[in-house]
Number of protein chains: 2
Amino acid sequence: MSSRKDPELVSAAAWTKRCYFAGRALMDATLRPHDLGSTQWFILCHLANNGPSVQRDLGRALELERATLSGIISTLVRKDLVEQSSSGEDQRQRLLTLTAAGEALWRELPDLSFIHEAAFGGIDAAELATTIRVLQSATERLQNLLRKD
Amino acid sequence: MSSRKDPELVSAAAWTKRCYFAGRALMDATLRPHDLGSTQWFILCHLANNGPSVQRDLGRALELERATLSGIISTLVRKDLVEQSSSGEDQRQRLLTLTAAGEALWRELPDLSFIHEAAFGGIDAAELATTIRVLQSATERLQNLLRKD
DNA sequence: CCATTATTGTATGGTAGCGAACAAAATAGA
DNA sequence: TCTATTTTGTTCGCTACCATACAATAATGG
């Protein structure tokens with residue numbers, strides 16, 4: 001049916017893409033009145049819930065590359081929502097803190113957990129667990145292949 | 001455990017993201033020697049397998065927005081891999097065709113289906129089917145929410 | 001102590017994706 | 001017919017992601 005090099009979009013991989021972007025689109029639409037992107041929201045989220053953090057730890061927690069995080073942080077700093085200060089210990093590290101404006105914005109931001117509820121809330125728990133396990137194992141296989149070259 | 005506005009990355013949504021990007025990263029790494037992006041590969045793929053196509057149909061087949069596709073097409077044209085000509089019927093439409101260089105490149109491109117195999121090949125068929133069904137239903141719920149506002 | 005290596009962050013350039021605004025062409029409706 | 005709407009595609013500006021190359025600081029091993 002499908003020739004050798006056919007993309008075959010009707011597959012698990014295609015659905016991970018669609019599902020990911022549908023969720024992001026919904027987050028972005030919800031956050032648009034606040035002039036905030038979804039990843040920016042995640043960052044404010046983490047800082048508000050866990051207190052000031054060094055960029056390195058934030059990147060580990062949210063699984064963002066240094067370069068990616070660096071860019072997003074600089075836009076958050078430009079918007080005066082986040083402050084960078086040198087952490088006492090390591091002169092390379094930058095400590096990230098919510099500004100007053102950042103805290104104020106944070107308090108009026110919507111709760112996005114309804115999106116996770118909307119997407120996966122009505123789904124049978126066992127099936128959801130299976131899904132997570134399959135996605136996790138697929139991700140690990142892919143990342144192993146990546147490391148090997 | 002998780003506070004009201006906590007991102008809780010350890011969830012199905014987080015794994016869809018990781019899985020999507022791991023797959024894309026592997027595709028991109030494989031295609032890097034050929035100076036081609038993964039979505040560019042999908043487009044060449046579709047044109048090679050299905051013959052010349054109008055941009056509208058290509059977008060529907062690959063589920064790409066007009067704006068997104070338009071940008072990628074213009075880079076493919078700049079690389080002289082794809083040609084745009086006006087389709088006879090509708091003066092708005094542009095017919096997309098592989099150039100000779102595009103066909104030549106296509107012939108030496110690697111088959112990326114090994115990635116799908118690597119990710120999902122070893123997984124129990126029933127569990128894979130469940131995963132696809134869960135992702136599909138989640139995507140549909142999200143898209144319904146998007147349309148409603 | 002000094003040279004090497006590892007870590008942290010930045011800057012640049014590229015791909016991919018979306019929304020909004022626009023122009024041109026086609027279609028529908030009055 | 002002539003106007004209004006829909007469709008198709010482009011352009012602009014933005015987020016987000018990655019790879020690469022770079023600078024600065026730690027940490028490690030002679």
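Reminder, nothing fancy here: chain letters follow the sequence lines and each chain counts from 1.
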Leu64(A) vs Asp57(B), nearer the 5' end of DNA chain D by closest nucleotide: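 The 5'-side residue here is Asp57(B).
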
Toward the 5' end of DNA chain D, which comes first, Arg66(A) or Tyr20(A), by nearest nucleotide?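 It is Tyr20(A), whose closest nucleotide lies nearer the 5' terminus.
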
Please answer whether the main-chain N or O of Leu135(A) pairs with a side-chain N or O of Thr139(A) as donor and acceptor at a distance below 3.5 Å.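 Looks like yes, one N/O pair under 3.5 Å.
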
Which value, rounded to the nearest 0.5 Å, describes the distance between Leu64(B) atom CG and His46(B) atom NE2?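 Rounded to the nearest 0.5 Å, the CG-NE2 separation comes to 10.5 Å.
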
Roughly how far apart are Ile73(B) CD1 and Leu58(B) CG, rounded to 0.5 Å?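 Result: 5.5 Å between the selected atoms.
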
Side-chain N or O of [X] less than 4.0 angstrom from OP1 or OP2 on [N]?
| X | N | result |
| --- | --- | --- |
| Gln84(B) | dG9(D) | no |
| Arg56(B) | dT8(D) | yes |
| Thr68(A) | dA16(D) | no |
| Arg78(A) | dT15(D) | no |

Between which nucleotides of DNA chain C, 5' to 3', does chain A make heavy-atom contacts below 4.0 Å?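 Range of nucleotides touched by chain A: dA6(C) to dG19(C).
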
Check every atom of dC17(D), dT15(D), dC18(D) against the side chain of Ala67(A) and return the nucleotide holding the closest atom.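 Side chain of Ala67(A) sits closest to dC18(D).
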
Of the nucleotides dA24(D), dG9(D), dC17(D), which has the atom closest to the Gln55(B) side chain?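 Within the option list, the nearest is dG9(D).
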
Identify each donor-acceptor pair in which a side-chain atom of residues 76-86 of chain A lies under 3.5 Å from a protein atom, sequence neighbours left out, and give them as a table.
unit_1   : atom_1 : unit_2   : atom_2 : d
Lys79(A) : NZ     : Asp35(A) : O      : 2.9
Lys79(A) : NZ     : Gln40(A) : OE1    : 2.9

Could you tell me how far apart Leu62(A) (CG) and dC18(D) (P) are, to the nearest whole angstrom?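 In whole Å, dC18(D) P and Leu62(A) CG are 13 Å from each other.
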
Taking atom P of dC14(D) as reference, at what distance in whole Å does atom CG of Leu31(A) sit?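 One finds 18 Å between P of dC14(D) and CG of Leu31(A), rounded.
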
Check whether the side chain of Arg92(B) and the base of dT8(D) form a donor-acceptor pair under 3.5 Å.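 It does not, because no donor-acceptor pair links the side chain of Arg92(B) to the base of dT8(D) below 3.5 Å.
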
So that I can tick it off, tell me whether Arg133(B) and Glu127(A) are bridged by a salt bridge, with the cut-off set at under 4.0 angstrom between side-chain N and carboxylate O.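 The answer is yes: the pair qualifies as a salt bridge.
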
Which residue lies more 5' along DNA chain C, comparing Ala25(A) with Leu95(A) via nearest heavy atoms: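 Per heavy-atom nearest nucleotide, the more 5' residue is Leu95(A).
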
Just to be sure I understand the rule, does Thr39(A) reach a base, reach only the sugar-phosphate, or reach nothing, if contact means heavy atoms closer than 4.0 Å?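 Here Thr39(A) touches the backbone only, sparing every base.
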
Could you tell me whether Ser38(B) contacts a base, only the sugar-phosphate backbone, or nothing, with contacts defined as non-hydrogen atoms closer than 4.0 Å?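 Result for Ser38(B) = sugar-phosphate.
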
Name the orientation class of the two ring planes belonging to Trp41(A) and Trp106(A) (parallel below 30°, tilted from 30 to 60°, perpendicular beyond 60°).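 Geometry flag for Trp106(A) against Trp41(A): tilted rings.
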
Pair His116(B) + Phe120(B): ring centers closer than 6.0 Å: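 They qualify: ring centres under 6.0 Å apart.
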
